[in-house]
Every structure is written in structure tokens, then in C-alpha cells.
Protein chains: 2
Amino acid sequence: MPAPLKPAVRAAETLAFEAAVVSFFTDAADILGVPKSVAAIYGICFASPEPLTFSEIESRLDISKGSVSQGLKLLKEVGAIRPVAEESARLERYEPDIELRKLVLHYLEQRVSTQLNAGRGRIREIKAALPGTAAGRAILKERVASLEGWHSKSAALLPLIKGALKLTV
Amino acid sequence: MPAPLKPAVRAAETLAFEAAVVSFFTDAADILGVPKSVAAIYGICFASPEPLTFSEIESRLDISKGSVSQGLKLLKEVGAIRPVAEESARLERYEPDIELRKLVLHYLEQRVSTQLNAGRGRIREIKAALPGTAAGRAILKERVASLEGWHSKSAALLPLIKGALKLTV
DNA sequence: GGCCAAGTTCAAATCATTTTGAACTGAAAT
DNA sequence: ATTTCAGTTCAAAATGATTTGAACTTGGCC
């Protein structure tokens, strides 16, 4: 029976604090475009002053190993958490990148850029062949022009936003 | 056997055009935060120079009456389409609000504002009780401050974005 | 009134996404 | 060489959101 260096039972205030932080992130999960479990993993790391191991994350959140593994993988790829270099330790520990911008950039990259690029092709198709009578085509032409306007304004804005995120926040 | 004023079989080019426009919007559906069927309904209205009736929408998209009913309801509420005033006609016809801003505003209102407000409460909770040792609390304090910074910057930005959408686009 | 056409409602079915868990891999410990 | 521990993989289960369809309402017309 080894003496527990770290009590498995943690203080009630700590648990409450963790719950509040995790909720903050899981509530935001769909705006950030990540599954709840991923937001929760980020949250639990955020809520701990010491970097956490895989199994600490698993037990504090009570989610499956599979989810922890996949979630950590995504968060590492995106740069939202990073392994803490600790020479001698055999278990990797993770700490959050304290700025949320990595998660936001990931979202912009995945969702917005992807859609803008798909849109570019669609608009080409659409402009290529307006059907119908002359009168009808005139109306459609105007609509498609407004679509194009939207599209190109968004496309122009996106890099600016990305740039702003890199600087500030 | 009544003479069809409007042929049920429409030109292939028209069908292709509609398909391209509908795809444009259904691809964008999740960025806009609406179900695909709703995006499709908006798309089919957008693709028609003449305003469409309920049953035209239903048959051109081949979706159920239930979905058309719910989709039109949402789009009307949001102001993304509007009934065309045509004095004598018994069937309502709908045309798109050609600016996409209604849909975007709806999204900002629903998702972003909601989350920002929920976040405000959470942050209060979180700040109220940082747990742990003094050293730990110092780290957490910094993290929470960064969260708060994010939150308040987003909250400040949102009305500006809404305002910009109302003016331009 | 009774009937039909147009649209609404909502519970059940479908579909997409996320999560689980059990089998597996690899690497250290004995 | 075997055992054990840490983590990965991926097919199947669970969950959550969307869509369907059938029963129902409403309003016009005979």
C-alpha cells in the first residue's frame, strides 16, 4: 500500500473551480467548432496550475481513454496545448496555450476558409450559366453579383482577422 | 385536363443552375448555423427570378411539407425571405432578401451573443474562487485574466460587426 | 353544413457526429 | 522473454439534430 503523494480526493473548491472552467469551454465548444470532449480536455488543462498527465485528464473528466487520446491529438496538432518539457519524467504532461487564438484560428482555417474556397468554385459555375428569359436573367445577375460581393469581401477580411489574432488577444 | 400554364418539366439548364445555387447555400449552412434544409429553401428562392409558392419549393427541392413549413417559418422570422405582396393571388409567394446579412445577423444573435452572455456568468463564478496554493492561484489568476480579456474584446466587437453589417454588404 | 386544398404540428424515423470500449502496439520493468 | 503499463485505433453504441409523414387545423367554396 504505497503512500499517495497526491491525494486522489481533491478539495471541493478545486472541483467546483474545475467544473466552472470546463463548462465555460464546453459551452463555447460549438462556436469553436470542436466536440465537447475536446473543449473539456482543454478546459481541465486550463484549470490546473500544474500540467496534467493523460490519466489525470481521463479521471478528472471521467471520459474514455479513446476520447482523451483523440482529443489530446487534436489539441496538440492545433497548438492549443503543448507537452511540458520535463527531462526525467516518464509521463508527458500537458499545459494549455493560454491564448485562445490557436483554437479560433483552427476554426477559421477549418470552417471558414474551406467554405470560402468551395464557394469560389460554386460561384464560377453559377455565373457561367444564368438560365431563363432576358428579364429573369437580369434579376439573377444582380443576385449573383451580390453573392459575389459578399464572397469577396469575406475572403478579403479573413486574412486580416487572422493577422489581428496573431498580434493581439 | 387543365392546360398547364407552367410546364412541370423545366429546362435542364435551369435545373443545373438551381442545383448549383442550392449547393452554394447548403455548403454554407453550417457556417450560417442553419439546417441544410433551411439553406436549401433559401437557395431555391434565390435561384428563381419569380417568387415561389410553398408547393413549388417543396417539389423543386423534393423535401417534405413539414420541412418546408418549418424552414419557411424560420426564414420569414429572420427576414431572410419575405412574402411578395400580390393583391389577387391566393397563394403566398416568397422572394429572398437579397442581402445575406439577415442570415448572418441571425447567426451572430443566436450563437455568438448567447455564448458571450453565458460566458459572462461563468467568468464571474470562476473569478470568485480560485483554489489551491498561492503559487497555483497566481497562475490561474493570469489565465483567467486572459479569458476575461478575450471575452470582453469579443463582446465589444460584436455590436461593431452588427453595425457594419447593417450598413454595408 | 360538408368538402377540399394549403399549411402546421409533433412524435417517430433517419442521419450525422461523437463517444465508448475492447483489441492492439510499443516500450519499459522484472 | 514475459508482464505490465501507457496510449492508439477503429468498429460499434450512444447521442443529438434534422427530417419525415400522418393527423390535425384553417379557410374558402359548393
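Please read all numbers here as calculations on a predicted model, not as lab measurements. Chain letters run A, B, ... following the sequence lines, proteins first and then strands; every chain starts at 1.
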Contacts of A:Gln110 that satisfy side chain to side chain contact (heavy atoms under 4.5 Å, CB included) - sequence neighbours left out:
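Side chain to side chain contact (heavy atoms under 4.5 Å, CB included) check on A:Gln110 returns A:His106.
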Can you name the side chain to side chain contact (heavy atoms under 4.5 Å, CB included) partners of B:Pro83, sequence neighbours left out?
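So B:Pro83 forms a side chain to side chain contact (heavy atoms under 4.5 Å, CB included) with B:Glu92, B:Tyr94.
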Contacts of [X] that satisfy side chain to side chain donor-acceptor pair (under 3.5 Å) - sequence neighbours left out:
{"X": "B:Arg111", "result": "A:Asp30"}
{"X": "A:Glu148", "result": "A:Lys127"}
{"X": "B:Ser146", "result": "none"}

Spatial distance of atom CG (B:Leu75) from atom CD1 (B:Ile81) [nearest 0.5 Å]:
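It comes to 5.0 Å.
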What distance do A:Phe46 atom CZ and B:Ile139 atom CD1 have between them, rounded to the nearest 0.5 Å?
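Rounded to the nearest 0.5 Å, the CZ-CD1 separation comes out at 12.0 Å.
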If I take atom [atom1] in residue [X] and atom [atom2] in nucleotide [N], what distance separates them, rounded to the nearest angstrom?
{"X": "B:Arg111", "N": "D:dA17", "atom1": "CZ", "atom2": "C1'", "value": "11 Å"}
{"X": "A:Phe54", "N": "D:dC5", "atom1": "CZ", "atom2": "C1'", "value": "12 Å"}
{"X": "A:Glu77", "N": "D:dT8", "atom1": "CD", "atom2": "P", "value": "11 Å"}
{"X": "A:Ile63", "N": "D:dG7", "atom1": "CD1", "atom2": "P", "value": "14 Å"}

Show every salt bridge (Lys or Arg N to Asp or Glu O under 4.0 Å) that has at least one partner inside residues 16-27 of chain A, sequence neighbours left out.
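Every salt bridge (Lys or Arg N to Asp or Glu O under 4.0 Å) pair that includes a residue of residues 16-27 of chain A, provided the two are not neighbours, is A:Arg10-A:Glu18, A:Glu18-A:Arg60, A:Asp27-B:Arg122.
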Once salt bridge (Lys or Arg N to Asp or Glu O under 4.0 Å) is applied, what residue pairs with a partner in residues 68-82 of chain A remain, sequence neighbours excluded?
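Qualifying pairs, neighbours excluded: A:Lys73-A:Glu77, A:Arg82-A:Glu95, A:Arg82-A:Asp97.
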For DNA chain C, which residues in residues 21-32 of chain B have a heavy atom at a distance below 4.0 Å?
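Residues of residues 21-32 of chain B that come under 4.0 Å of DNA chain C do not exist, since none gets that close.
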Can you list the residues that meet the ring pair (Phe, Tyr, Trp, His ring centres under 6.0 Å) rule with A:Phe24, with sequence neighbours excluded?
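With sequence neighbours excluded, A:Phe24 shows a ring pair (Phe, Tyr, Trp, His ring centres under 6.0 Å) to no residue whatsoever.
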Among residues 33-44 of chain B, which contact DNA chain D at a heavy-atom distance under 4.0 Å?
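Residues of residues 33-44 of chain B that come under 4.0 Å of DNA chain D are, in numerical order, B:Pro35, B:Lys36, B:Ser37.
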Under a 4.0 Å heavy-atom cut-off, which of residues 65-72 of chain A touch DNA chain D?
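Within residues 65-72 of chain A, the residues near DNA chain D are A:Lys65, A:Gly66, A:Ser69, A:Gln70.
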Any sub-3.5 Å donor-acceptor pair from A:Thr26's side-chain atoms to A:Val22's backbone N or O?
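Yes, because the side chain of A:Thr26 sits within donor-acceptor range (under 3.5 Å) of the backbone of A:Val22.
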Verify the cluster assignment for A:Ile98 and B:Trp150: are they in a single hydrophobic cluster under the rule of side-chain heavy atoms below 4.5 Å apart?
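A:Ile98 clusters together with B:Trp150.
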Pair B:Glu58-B:Phe54, side-chain contact (heavy atoms from CB on, under 4.5 Å): steps then yes or no:
CA-CA 6 Å; B:Glu58 184 189 358; B:Phe54 187 107; 4.1 Å; yes
Upstream residue (5' side of DNA chain C) when B:Thr53 and A:Asp62 are each assigned their closest nucleotide
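Of the two residues, B:Thr53 wins.
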Range on DNA chain C touched by chain A - first to last nucleotide, heavy-atom distance under 4.0 Å:
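Reading along DNA chain C, I get C:dT18 to C:dG21.
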